Amino acid sequence: MAKTSWEVLASTLVRAAPLVTAPLFAPPLLAAPLLAGPFLPGPPITAQALPMASRAPRAYAPRLQAPPPLPALDSPGPGPSDRRPAAIQPALPSGTGNQQGRQLRINGRLQQAAWLRLGPGPGQSEQLWLPLEVLQAQLGFNSSSRSDGSLNLGWYGQELIVPASAQRSLGDEVAVEVAGLLQAVGVNLNSSEGGDTLELQLPLARLLQVRAAHQPGQRRIVLDLDGPAVVRSSEEGLDLGLWSSSAQQADLKQRGLGVRQGAHGLVLTTASGSRLSRLLTLANPSRVVIDLPGEGPEPSLKAEPPRVDPRLLALLGKELRWDRQVLRFGTLSFKLNRVSLDPRSGPLELQILSRGGGMEGLSSLTDLAQRANALVAINGGFFNRVRRLPLGALRQQGRWLSGPILNRGAVGWQRRGLPQFGRLQLQEWLLDHQGQRWPVQVVNSGYVQRGISRYTSDWGPWYRALSNGESGLLLRNGTVLQRFDAARLSGGVALAPGDMVLVGRAGTPLPWVEGEPLSLDSRPSDPVGLAANVLGGGPLLLQNGRVVLNGTAEGFGAAFLSQGAPRTVIGSDGLRIELITLEGVEQEGPTLAETALLLQGLGLRDALNRYGGSSTGLVMGGAHTVKGRGVAGAVHNGLGLVPSGGLTDRTSTGSDARSAPLTGS
């Protein structure tokens, strides 16, 4: 069989580098207390050094109870042979038959994903906690969020409302309890005692008929089934757990879909560059509803591997370096992908990748790269998977699409310049005509805080309430134009270019009247916030060659440090930009402390952690070469290397503060 262009690329242009071994990392010192956990601050753990034989054990479990204490990092620690077991798990909540693991097998398809199964207790039925990403992308669940933070889930007519208090952290993912819903649809659950794998089995359904339905601006295809089916979404299309006849497959091809009956069911693909607008599962009868953009048919996508962009092939090994290695860290091994270039003279420049049209929504990394014509792309910063909104700094060409939060790490850059790194807050005050100053908590953010927040048209064409009981003011050209109550904000308020909505949360008053002028005093806490382009993440790992990992300072909690996961990092060695992914070999991946030390040993001076886990991804020339936990998770934004010709940048003036009329900038 002839090799694909991707196989040729991998075998000829990617060198197998020597293994990096533990002695390289023996001496480094930690410059700050270490962190632990995604959003809940935890007590700092002071460390003078991180000996190879005394590392914190991992905690891989949902935050249903306090994690076990971490040992002091300068204590003797375990011996070399048991330095890091494959999975160290806290004690499960009390109950009969409680289990947890890190693998799912859905209709025979194995993937990495955390799960928690709790046996029935007094007055309580069995519980099964699964990541929201798995429910949506691997089973076909429909979901929508409410302003009170609750989540609506639906699957073949079974509805479930999940309040914010019933959404748990499971590893680094948001998880919900779905045992009753799955069993009502007919899913069989099976996990062996002490096993790491949970089996989910739903018998293959049969396709009864294919119908078309008119939907303005969309092409709607309806699949009538004789029972519910697993619907797995991917960048290539849909993998449905059902059987179909040759005549039905021909019908689907006539409707502009690529069709293949695979080992796990029916595979449907769309035209290159075309993605589903919406996917629904309905009941009575069981149906899968597929909405495609546009009114007319599209040519089907050939079932072949994606071709690598020849422009990337021309740059590799010259202006653009791509290294793939296996790094050894004591008894552990990690797969490294490292892409680097000098932005000051190379043909590519670093650019934020966003969906456009507003901050609400998620996309595949491949879509984001394709939209921006990026030859290389990695996933970006944190986001709320329930609300599909950003959680952290996102500044593009001088405009805050999303403001920084919690003094978390950020990277900023000007066009044709090396990036700079730091921890970032945006310090803002409203100034009224009486000279009073009112603090602004966040700008254009999915991070809901008590107090006053502001949203501009960069947030999107609408602002809709993110919490109960909000009040709002619409400003235009720095003047109060209109007041809104909670009901109006819940329905949505239009934002024209230059408009701004001030939002008062948790009873915070907005004391200004229509016609009153307001101005804004805004300044970043760190020079990194003055750059034309800024992307937040966290924690900050390296700065000026020193390990500066301090999760407490950035609002992360206790489980985050000890947990291993696939990682995405942007860094610099002082001469080049470095885009990096790290994955585990026969285990989950490195902890944040391990990540910092590995990168320091590779010669990086600065490094910032991005959103990892199932969001970790690397796209090279249009091919998705790294997928966190084996599947391409949906992401909110990304970072790309884009051909530099014809791009413009609105750069900052260099001032560290400004006071101006309150407009939508």
Side-chain angles (χ1 to χ4, degrees), residues 37-41 63 132 143-152 161-169 172-176 358-362 381-395 400-408 410 424-430 438-475 484-493 495 500-510 522 536-538 554-557 560 611 636-637:
F39 295 107
L40 301 178
R63 206 178 297 115
L132 185 58
S143 70
S144 61
S145 61
R146 297 180 171 187
S147 60
D148 62 359
S150 62
L151 177 69
N152 291 338
I161 298 178
V162 186
S165 60
Q167 300 163 21
R168 305 281 188 174
S169 293
D172 53 8
E173 300 284 353
V174 176
V176 296
M359 289 294 97
E360 183 177 3
L362 306 179
F382 292 99
F383 57 91
N384 184 313
R385 192 171 291 281
V386 174
R387 296 186 183 274
R388 303 178 179 89
L389 294 175
L391 294 173
L394 190 62
R395 179 174 166 94
W400 287 111
L401 308 184
S402 174
I405 63 172
L406 295 171
N407 196 36
R408 287 188 169 172
L424 181 62
Q425 298 182 80
L426 193 59
Q427 300 163 340
E428 293 193 336
W429 297 267
L430 296 168
W438 304 77
V440 176
Q441 299 301 320
V442 292
V443 54
N444 289 347
S445 180
Y447 181 59
V448 176
Q449 286 270 278
R450 176 191 298 271
I452 299 174
S453 300
R454 68 181 184 96
Y455 293 83
T456 73
S457 56
D458 293 319
W459 179 251
W462 294 84
Y463 172 77
R464 293 182 177 86
L466 300 180
S467 61
N468 288 332
E470 294 182 355
S471 60
L473 293 177
L474 176 65
L475 281 78
F484 304 113
D485 60 15
R488 178 65 188 280
L489 289 176
S490 294
V493 174
L495 286 170
M500 179 185 300
V501 169
L502 298 180
V503 178
R505 294 183 174 132
T508 302
L510 300 174
S522 178
E554 299 188 31
F556 291 92
F560 205 45
Y611 202 166
H636 185 274
N637 54 72

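Note that the structure is a prediction, hence the values are computed from the model and not measured.
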Beyond-backbone contact of [X] with [Y], side-chain heavy atoms, under 4.5 angstrom:
X	Y	answer
Arg385	Leu362	yes
Glu554	Leu406	no
Ser169	Val174	no
Tyr611	Phe383	yes
Val386	Gln167	yes
Phe484	Leu474	yes
Leu430	Leu502	yes
Leu489	Arg464	no

[X] [atom1] to [Y] [atom2] distance, which is reported to the nearest 0.5 Å:
X	Y	atom1	atom2	result
Trp438	Ile452	CH2	CD1	6.5 Å
Ile405	Gln449	CD1	CD	8.5 Å
Asn637	Leu401	CG	CG	9.5 Å
Ser471	Asp485	OG	CG	9.0 Å

Quick check: does any side chain N or O of [X] sit under 3.5 Å from a backbone N or O of [Y], one acting as donor and the other as acceptor?
X	Y	result
Arg388	Met359	no
Thr508	Gly451	yes
Tyr463	Met500	no
Arg387	Leu466	yes
Ser490	Ala486	yes
Ser402	Asn444	yes

- Query: Judged by modelled atom types alone, do Arg454 and Ser522 share a side-chain donor-acceptor pair under 3.5 Å?
  - Reply: no
- Message: Can you see whether Ser145 engages Asn152 through a side-chain donor-acceptor pair at a distance of less than 3.5 angstrom?
- Response: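 No, because no side-chain N or O of Ser145 sits under 3.5 Å from a partner of the opposite role on Asn152.
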Where [X] and [Y] come nearest, the two heavy atoms and their spacing:
X	Y	answer
Val442	Ser453	CG2-OG, 3.2 Å
Trp400	Asp458	O-CB, 4.0 Å
Leu391	Tyr447	CD2-N, 3.6 Å
Tyr455	Val503	CD1-CG2, 4.0 Å
Gly537	Phe556	O-CZ, 4.4 Å
Ser150	Asp148	OG-OD1, 2.7 Å

- What do the steps show when you test Leu495 against Thr456 for side chain to side chain contact (heavy atoms under 4.5 Å, CB included), and what is the final call? CA-CA 7 Å; Leu495 286 170; Thr456 73; 5.9 Å; no
- Ionic contact status for Glu470 with Arg505, cut-off 4.0 Å: yes
- Is it possible for you to check whether Arg408 lies under 6.0 Å from the centre of the six-membered ring of Phe382, through NZ or CZ, and within 45° of that ring's axis? yes
